[in-house]
Amino acid sequence: MNRELNRPVRRWIYGALITMGLALGATACGDNASGPELSVAGGRGKSLSSSSGCAGCHGTEGQGGVGPTWQGLAGAEVELADGTMILADDEYLIRAIKKPNADLRAGYPVQMPRNNLNDRQIADIVTYINDLAYVTPGG
């Protein structure tokens, strides 16, 4: 009788061990869920993007969504709503955050809301976007 009581416990333990092994295997395969290595200012920018609501549209890892992706954005040419192309350099990124109406991106009908970020916070978010420059969008 004691053996029959232990059978469900052993099944549970085996199941837990298999699940842990699969989870460790997936981690070892290079699935970096935490994203790229960030600078100190980039880490602050990532935190600010979450606490200030930016991640709601640009994604928790900058992958985009309702708003454009931040992955691979810094230094790239982007199309504006009027059809012109512009380099997404620091000047553009700062202007886009400070004055969301200044340069509307093509293909994104939802306009970015105004924010109350100060210059230091904007600089940290721009650094975060720069840290994502070599991340393949959607990758």
Side-chain angles (χ1 to χ4, degrees):
M1 173 118 171
N2 194 16
R3 273 192 157 162
E4 287 183 30
L5 287 175
N6 286 333
R7 191 173 293 171
V9 172
R10 278 188 273 163
R11 284 186 184 159
W12 183 88
I13 290 172
Y14 291 143
L17 288 172
I18 289 170
T19 302
M20 286 179 13
L22 290 172
L24 288 172
T27 302
C29 288
D31 182 17
N32 188 359
S34 63
E37 188 173 327
L38 300 176
S39 63
V40 173
R44 288 193 307 261
K46 181 178 181 178
S47 293
L48 276 166
S49 76
S50 292
S51 64
S52 299
C54 309
C57 293
H58 295 285
T60 56
E61 298 296 326
Q63 73 274 17
V66 174
T69 181
W70 288 347
Q71 297 174 349
L73 173 61
E77 290 276 328
V78 296
E79 184 178 1
L80 301 180
D82 66 4
T84 61
M85 299 296 286
I86 190 168
L87 180 66
D89 58 8
D90 286 358
E91 182 181 329
Y92 162 79
L93 295 171
I94 291 167
R95 184 174 58 251
I97 296 168
K98 282 187 173 185
K99 300 177 183 176
N101 294 334
D103 297 311
L104 300 176
R105 289 279 305 269
Y108 293 94
V110 176
Q111 184 178 332
M112 188 171 106
R114 295 197 58 78
N115 59 71
N116 294 318
L117 298 169
N118 63 40
D119 289 344
R120 168 74 187 261
Q121 293 170 319
I122 291 171
D124 287 346
I125 291 173
V126 168
T127 300
Y128 174 48
I129 295 169
N130 281 313
D131 287 352
L132 296 175
Y134 299 105
V135 175
T136 304

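For the numbers below, each heavy atom of this structure counts, side chains included, while hydrogens, waters and symmetry mates do not.
Judged as a salt bridge (charged side-chain N to carboxylate O under 4.0 Å, His left out), not a single pair has a partner in residues 47-56 (not counting sequence neighbours). Screening residues 64-76 for salt bridge (charged side-chain N to carboxylate O under 4.0 Å, His left out), with sequence neighbours left out, gives no hits. Applying the salt bridge (charged side-chain N to carboxylate O under 4.0 Å, His left out) test to every pair with at least one member in residues 62-81, sequence neighbours left out, gives no pairs at all.
Rounding to the nearest 0.5 Å places CG of Leu117 at 4.5 Å from CD1 of Ile125. To the nearest 0.5 Å, atoms CG (Leu80) and CE (Met85) are separated by 8.5 Å.
Judged as a side chain to side chain contact (heavy atoms under 4.5 Å, CB included), and not counting sequence neighbours, the contacts of Asn118 are Arg120, Gln121. Asp119 is linked by a salt bridge (charged side-chain N to carboxylate O under 4.0 Å, His left out) to Lys98, counting only residues two or more places apart in sequence or in another chain. Ala123 is linked by a side chain to side chain contact (heavy atoms under 4.5 Å, CB included) to nothing, counting only residues two or more places apart in sequence or in another chain. With sequence neighbours excluded, the residues satisfying side chain to side chain donor-acceptor pair (under 3.5 Å) with Asp90 are Asn130. Listed by chain and number, the residues in a side chain to side chain donor-acceptor pair (under 3.5 Å) with Arg44 are Asp124 (sequence neighbours excluded). Scored by the side chain to side chain donor-acceptor pair (under 3.5 Å) test, Arg95 finds Asp103 as partners (sequence neighbours excluded).
In the hydrophobic clustering of ILVMFWY residues, with side-chain heavy atoms under 4.5 Å counting as a link, Leu93 and Val78 come out together. Residues Tyr92 and Leu132 share a hydrophobic cluster, clusters being chains of Ile/Leu/Val/Met/Phe/Trp/Tyr side chains in contact below 4.5 Å.
Scanning both residues, Ile97 and Asn115, for their nearest heavy atoms gives O-ND2, 2.9 Å. Closest of all the heavy-atom pairs between Pro113 and Pro100 is O-CG, 3.5 Å. Heavy-atom minimum distance, Gly107 versus Pro109: O-CD, 3.5 Å.
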Review item, side-chain donor-acceptor pairs of residues 50-59, under 3.5 Å, at least two apart:
{"residue": "Ser51", "atom": "OG", "partner": "Ser47", "partner atom": "O", "Å": "3.3"}
{"residue": "Ser51", "atom": "OG", "partner": "Leu48", "partner atom": "O", "Å": "3.4"}
{"residue": "Ser52", "atom": "OG", "partner": "Leu48", "partner atom": "O", "Å": "3.0"}
{"residue": "His58", "atom": "ND1", "partner": "Pro68", "partner atom": "O", "Å": "2.8"}
{"residue": "His58", "atom": "ND1", "partner": "Trp70", "partner atom": "NE1", "Å": "3.2"}

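For Asp131 (side chain) and Ser39 (main-chain N/O), a donor-acceptor pair under 3.5 Å exists by modelled atom type. In this structure, Gln71 contributes its side chain and Thr69 its backbone to no donor-acceptor pair below 3.5 Å.
Contact annotation: the side chain of Leu38 approaches that of Tyr128 to within less than 4.5 Å [non-hydrogen atoms, C-beta and beyond]. Looking at Pro36 and Tyr134, their side chains never come closer than 4.5 Å, going by heavy atoms from C-beta outward.
Clustering of Ile, Leu, Val, Met, Phe, Trp and Tyr side chains at separations under 4.5 Å places Val66 together with Val110. The hydrophobic cluster of Met112 has no other members, since no ILVMFWY side-chain heavy atom comes under 4.5 Å of it.
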